[in-house]
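In what follows, a structure is listed as structure tokens, so that the remarks can point back to it.
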Amino acid sequence: MDVSEQQVMRDQKPSMKPKDYGPIQFPDRLGFELWRFERALKKGLIPPADVGGCRWSAAVVDAVAERVEEIRTATGSLPDMGAGRAADVLSERFGVPVASEILVELDRVGLIECIGEYKGHALYDGQALEHFNDRAALEKAQRSGRLLNRTDAASHLGIRVSDIEHLINAKWLEPITWVRSGWQRRREAPTVPLFRVGDLELLAVHPAIDWDQVKRTPKGRPSPLARLTTRRTGDDSAAS
């Protein structure tokens with residue numbers, strides 16, 4: 001038998017089926033994106049690795065392969081994603097501009113949960129995003145969940161930035177999140193607090209604060225808000 005005949009025989013020899021599959025081979029065999037495979041594992045739709053703690057036997061893989069469509073349906077069509085991409089999905093679905101900051105509010109009210117992070121950025125539940133179709137809830141989040149920095153928060157209430165500082169120091173106003181300033185390095189912790197419009201509007205009608213007096217106080221004069229007592233969680237006590 002010459003060399004060319006040996007090559008033909010090797011080419012015709014059926015390939016050996018793997019005895020087990022790793023975390024890349026397994027989703028490839030199923031035709032799954034990695035995010036879908038990981039979600040299926042998390043949901044228990046795919047059993048834990050049974051070979052060496054990190055691989056799956058061919059028998060397990062074959063059994064799972066028979067349930068591909070069932071698993072595909074159960075894992076949805078959207079991966080977990082960052083706020084920017086999630087906002088784009090909502091903008092397209094509802095036909096209105098949706099700012100990425102609104103995902104913070106939707107998470108706060110339990111509609112689209114933040115389930116982790118990737119490279120320091122929040123990740124939102126793709127399946128919750130896929131099923132979210134409540135226009136009224138989105139509109140409410142758009143109103144109450146808008147985020148403002150100190151200066152814009154003061155403008156929203158019609159008071160001085162120094163007044164805002166008194167509210168912050170007395171814990172009558174607390175940030176919902178923090179972001180980096182324009183001159184901060186990415187490796188540095190965020191230092192700019194952002195406040196919910198909804199929280200500002202609750203403060204604006206709080207009976208313990210004489211807002212007319214606060215707004216009448218001229219620049220350079222002590223703020224009436226300097227007399228606020230420190231507020232405990234759930235405390236609606238009046239200013240001292």
Side-chain angles (χ1 to χ4, degrees), residues 10-94 98-135 137-138 141 145 147 175-180 186-190 233:
R10 281 198 297 271
D11 291 343
Q12 292 177 343
K13 186 177 180 180
S15 59
M16 295 291 292
K17 183 177 179 181
K19 293 181 179 179
D20 53 62
Y21 293 73
I24 301 300
Q25 296 167 306
F26 194 172
D28 281 349
R29 163 76 189 280
L30 301 176
F32 282 179
E33 307 92 331
L34 187 56
W35 67 262
R36 188 184 301 280
F37 180 75
E38 291 175 347
R39 184 177 289 170
L41 269 175
K42 186 176 179 180
K43 286 178 167 288
L45 299 168
I46 293 175
D50 63 332
V51 178
C54 60
R55 298 180 69 83
W56 289 261
S57 64
V60 168
V61 173
D62 288 344
V64 172
E66 295 178 359
R67 299 169 40 242
V68 162
E69 291 309 314
E70 170 200 335
I71 296 171
R72 190 182 297 277
T73 299
T75 50
S77 62
L78 292 179
D80 302 331
M81 62 184 71
R85 286 181 61 197
D88 289 343
V89 170
L90 294 175
S91 296
E92 182 176 355
R93 180 177 303 160
F94 291 97
V98 176
S100 59
E101 66 190 32
I102 300 306
L103 271 297
V104 176
E105 179 73 3
L106 292 172
D107 170 50
R108 193 188 73 85
V109 297
L111 293 174
I112 300 178
E113 184 183 1
C114 175
I115 59 171
E117 65 174 43
Y118 177 71
K119 294 185 177 180
H121 297 284
L123 278 180
Y124 293 90
D125 186 339
Q127 284 196 288
L129 176 64
E130 180 179 355
H131 296 138
F132 179 75
N133 59 6
D134 190 334
R135 183 177 292 273
L138 177 64
L147 300 179
I176 195 75
T177 190
W178 298 74
V179 296
R180 293 180 181 84
R186 290 185 62 83
R187 66 174 178 269
E188 295 176 339
T233 301

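Because the structure is a prediction, the values reported are computed rather than measured.
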Nearest-0.5 Å distance that lies between atom CD1 in I176 and atom CG in L147: 7.5 Å
Inter-residue atom distance Q127.CD - K43.NZ, 0.5 Å rounding: 4.0 Å
Euclidean distance, L129 CG relative to L111 CG, rounded to 0.5 Å: 11.5 Å
Atom pair CG/CZ of L138 and F94 - distance to nearest 0.5 Å: 5.5 Å
I102 vs L90, side-chain contact (heavy atoms from CB on, under 4.5 Å): CA-CA, chis, key distance, verdict: CA-CA 10 Å; I102 300 306; L90 294 175; 5.9 Å; no
Exercise: identify the closest heavy-atom pair between I115 and Y124: CG1-C, 4.3 Å
Value rounded to 0.5 Å, distance of CG in D80 from CD1 in I112: 11.5 Å
For Y21, ring pair (Phe, Tyr, Trp, His ring centres under 6.0 Å) partners two or more places apart: none
Heavy-atom closest contact (P18 atom, A58 atom, distance): O-CB, 3.5 Å
Sole candidate of E33, R36, E38 that passes side-chain hydrogen bond (donor to acceptor under 3.5 Å, both in side chains) when paired with T75: R36
Stepwise side-chain contact (heavy atoms from CB on, under 4.5 Å) test for E101 and T177: CA-CA 10 Å; E101 66 190 32; T177 190; over 6 Å; no
Heavy-atom pair of closest approach, residues E130 and G76: OE1-CA, 3.4 Å
Full working for side-chain contact (heavy atoms from CB on, under 4.5 Å) between D107 and E113: CA-CA 5 Å; D107 170 50; E113 184 183 1; 3.9 Å; yes
F37/W56 aromatic ring centres below 6.0 Å: yes
Chi angles and distances behind the side-chain contact (heavy atoms from CB on, under 4.5 Å) call for R29, D62: CA-CA 9 Å; R29 163 76 189 280; D62 288 344; 3.1 Å; yes
For the student: nearest non-hydrogen atoms of V64 and P47, plus distance: CG2-CD, 3.8 Å
Test side-chain contact (heavy atoms from CB on, under 4.5 Å) applied to M81 and V89, L103, D88, the passing residue: V89
Closest heavy-atom pair and its distance - R72, G31: NH2-O, 3.6 Å
Nearest heavy-atom neighbours spanning A65 and L30: CA-CD2, 3.6 Å
Nearest-0.5 Å distance, SG of residue C114 to NE2 of residue H121: 12.5 Å
